[in-house]
Amino acid sequence: MRKTTKTPVVRRLAAAAIALGSCLTLAGPAAHAGAAPADPVPTVFFGDSYTANYGIAPVNHEGEARFFCFQAKENYPAVATQRLADKGVTLDVQSDVSCGGALVHHFWEKQELPFGLGELPPQQDALKPDTQLAVGSMGGNTVGFNRILKQCSAKLRGVEGTLLPGTPVDEDVPAAKCSEFFASGDGKQWLDDQFERVGYDLEEMLERIAYFSPDAKRVLVGYPRLVPADTAKCQTPAPGQTELPFADIPQDALPVLDQVQKRLDDVMKKAVADTDGGADFVDLYARTGSNTACDGTNRGIGGLLEPSQLKIGEQALPWYLHPNDKGRDIQATQVADTVQQVLNR
């Protein structure tokens, strides 16, 4: 049986907290439907490298261990907050605890930083009783997307991949055969287990938000699409690049990566739909089909080994398929629009 932190006590406490928040809302003065909140909205952003916007410089927390979360100063939480302010919706950002490498369980467990630089407290510690909005992206690392990439790329298994955490799912299976590996047998079973874990963990995370911040609106943000429907586009380097967008990953494996993304998108939607008290989902996958890593000048995703804006010394770190500035702006626009709808209800 899979170990989980979920307990009937947590469920009952979460339900009670939601009910209490609802009662307090009903007992208060009636609000005008569709009116934006007059006061700043206490907000917490959480998440992994797609919330932190790994690859975009400059980075927050310079000189601190948390620098290695690679949280961009202008990540999508910061840009969405500014766009909302321009529309007259003010967020009081209590914390942005997004960090590269975070798994869903790091919402309630400590996260070890790379290079032995220590550990971070659980992201849930940022939640306050008066937090009214919690927004972020989680799930990609728990499903093991880095390991899937390394299963399909021989280059990522070598020296060039040492900065990307994780190991191939099965090092004995050549990268060229990764499409077959994930289609049946041990590879398929591994994927099924990963997705089961993601579903349970996302439900747990959403329940914990309700417990620690009973009045908080919960917004789970999905992941932008990486692989286009026409994978032939991925056989041409992006303008100014010599490496293909997915480097040496075989073309027949690209639909596998897309299927993993689509399945994760569906699991995230289900977790939101099944959550007591309601939550909202930003479906970036459905809105970014023309901004994949293979869309040339329109790409919102930096290529697997394309140099990003980040450097360690003189060495540029690859994007590793994270949103570039254009992709970050798409994330921010979709998040700002959803948050505005949520707060105006």
Side-chain angles (χ1 to χ4, degrees), residues 49-50 53-56 76 137 139-140 143-158 160-161 163-164 168-169 174-183 187 191 221-266 268-269 282-310 316-334:
S49 58
Y50 276 74
N53 281 119
Y54 163 88
I56 294 176
Y76 82 66
S137 310
V143 84
F145 203 74
N146 286 352
R147 298 190 66 189
I148 295 168
L149 290 175
K150 287 192 175 183
Q151 187 64 39
C152 297
S153 169
K155 287 188 176 182
L156 286 182
R157 298 187 190 195
E160 294 180 73
L163 292 174
L164 189 68
V169 179
K177 294 188 176 294
C178 77
S179 178
E180 301 169 34
F181 174 72
F182 287 118
L191 273 179
V221 182
Y223 293 89
R225 189 169 181 175
L226 305 180
V227 181
D230 179 9
T231 59
K233 294 196 296 184
C234 301
Q235 304 311 300
T236 302
Q241 301 300 314
T242 57
E243 190 83 64
L244 295 178
F246 286 88
D248 63 328
I249 294 179
Q251 186 176 356
D252 70 351
L254 296 180
V256 174
L257 301 184
D258 191 51
Q259 289 160 16
V260 168
Q261 266 212 286
K262 181 62 172 67
R263 188 172 176 183
L264 176 58
D265 195 64
D266 290 341
M268 296 175 81
K269 285 181 189 174
V282 181
D283 193 350
L284 290 173
Y285 178 90
R287 296 179 173 93
T288 51
S290 60
N291 303 106
T292 71
C294 304
D295 281 298
T297 56
N298 289 324
R299 70 193 187 284
I301 303 294
L304 184 61
L305 296 179
E306 178 183 345
S308 75
Q309 299 170 15
L310 298 180
L317 302 182
W319 280 107
Y320 292 135
L321 301 176
H322 283 77
N324 55 24
D325 288 27
K326 182 188 289 287
R328 181 272 321 275
D329 289 347
I330 294 171
Q331 290 175 294
T333 296
Q334 297 298 329

_Between Tyr223 and Leu264 (side chain of the first, backbone of the second, donor and acceptor by atom type, cut-off under 3.5 Å), is there such a pair?_
no

*For Leu304 and Leu321, run side-chain contact (heavy atoms from CB on, under 4.5 Å): C-alpha distance rounded to whole Å, both residues' side-chain angles, the deciding distance at 0.1 Å, then the answer.*
CA-CA 5 Å; Leu304 184 61; Leu321 301 176; 4.0 Å; yes

*Any side-chain heavy-atom pair from Cys294 and Val227 closer than 4.5 angstrom?*
no

*With the side chain counted from C-beta on, respond yes when Cys234 and Pro228 share a heavy-atom pair under 4.5 Å apart, and no when they do not.*
yes

*To the nearest 0.5 Å, what is the distance between CD (Gln241) and CG (Leu305)?*
10.5 Å

*For Phe246 and Leu226, run side-chain contact (heavy atoms from CB on, under 4.5 Å): C-alpha distance rounded to whole Å, both residues' side-chain angles, the deciding distance at 0.1 Å, then the answer.*
CA-CA 10 Å; Phe246 286 88; Leu226 305 180; 4.2 Å; yes

*asked:* Does this structure show an ion pair linking Asp266 with Lys262, if we count only N-O contacts that are shorter than 4.0 Å?
replied: yes

*Taking the side chain from Asn53 and the backbone from Ile56, do they hold a donor-acceptor pair closer than 3.5 Å?*
no

*Give the intermediate values and the outcome of side-chain contact (heavy atoms from CB on, under 4.5 Å) for residues Phe182 and Val260.*
CA-CA 10 Å; Phe182 287 118; Val260 168; over 6 Å; no

Please list every donor-acceptor pair under 3.5 Å in which a side-chain atom of residues 251-259 meets a protein atom from a residue at least two apart or in another chain.
from	atom 1	to	atom 2	distance (Å)
Gln251	NE2	Thr231	OG1	3.1
Asp258	OD1	Arg225	NE	3.2
Asp258	OD1	Tyr285	OH	3.0
Asp258	OD2	Arg225	NH2	3.1
Asp258	OD2	Tyr285	OH	3.2

*Would a distance-only check, ignoring hydrogens and angles, find a side-chain to backbone donor-acceptor pair under 3.5 Å from Trp319 to Ile301?*
no

*Consider only side-chain N and O atoms of Gln309 and Asn324, and report whether a donor and an acceptor are under 3.5 Å apart.*
no

*Are the side chains of Tyr50 and Leu284 in touch, meaning some heavy atoms are under 4.5 Å apart?*
no

*Hey, what do you get for CG (Asn146) to CD (Gln151), rounding to the nearest 0.5 Å?*
13.0 Å

*side-chain contact (heavy atoms from CB on, under 4.5 Å) between Gln331 and Val221: does it pass, once the steps are laid out?*
CA-CA 9 Å; Gln331 290 175 294; Val221 182; 5.7 Å; no

*Minimum side-chain heavy-atom gap Arg263-Met268 below 4.5 Å*: no

*Could you check if a side-chain atom of Asn298 sits within less than 4.5 angstrom of a side-chain atom of Thr292, using non-hydrogen atoms only?*
no

_Pairwise salt bridge (charged side-chain N to carboxylate O under 4.0 Å, His left out) hits with a residue in residues 291-303, at least two apart_ = Lys233-Asp295, Arg299-Glu306

*Examine distances only and state if a side-chain atom of Asp248 and a backbone atom of Ala154 form a donor-acceptor pair shorter than 3.5 Å.*
yes

*Please examine the side chains of Pro323 and Tyr76, heavy atoms only from C-beta on, and report whether any two atoms are closer than 4.5 Å.*
no

_Looking at Lys150, is its backbone amide N or carbonyl O close enough to the side chain of Arg157 to form a donor-acceptor pair, meaning the two atoms are under 3.5 Å apart?_
yes

*May I ask you to decide if Asn291's main-chain N or O and Thr288's side chain share a donor-acceptor pair within less than 3.5 Å?*
no

_Are Ser308 and Leu317 packed together at the side-chain level, in the sense that at least one heavy-atom pair is separated by less than 4.5 angstrom?_
yes

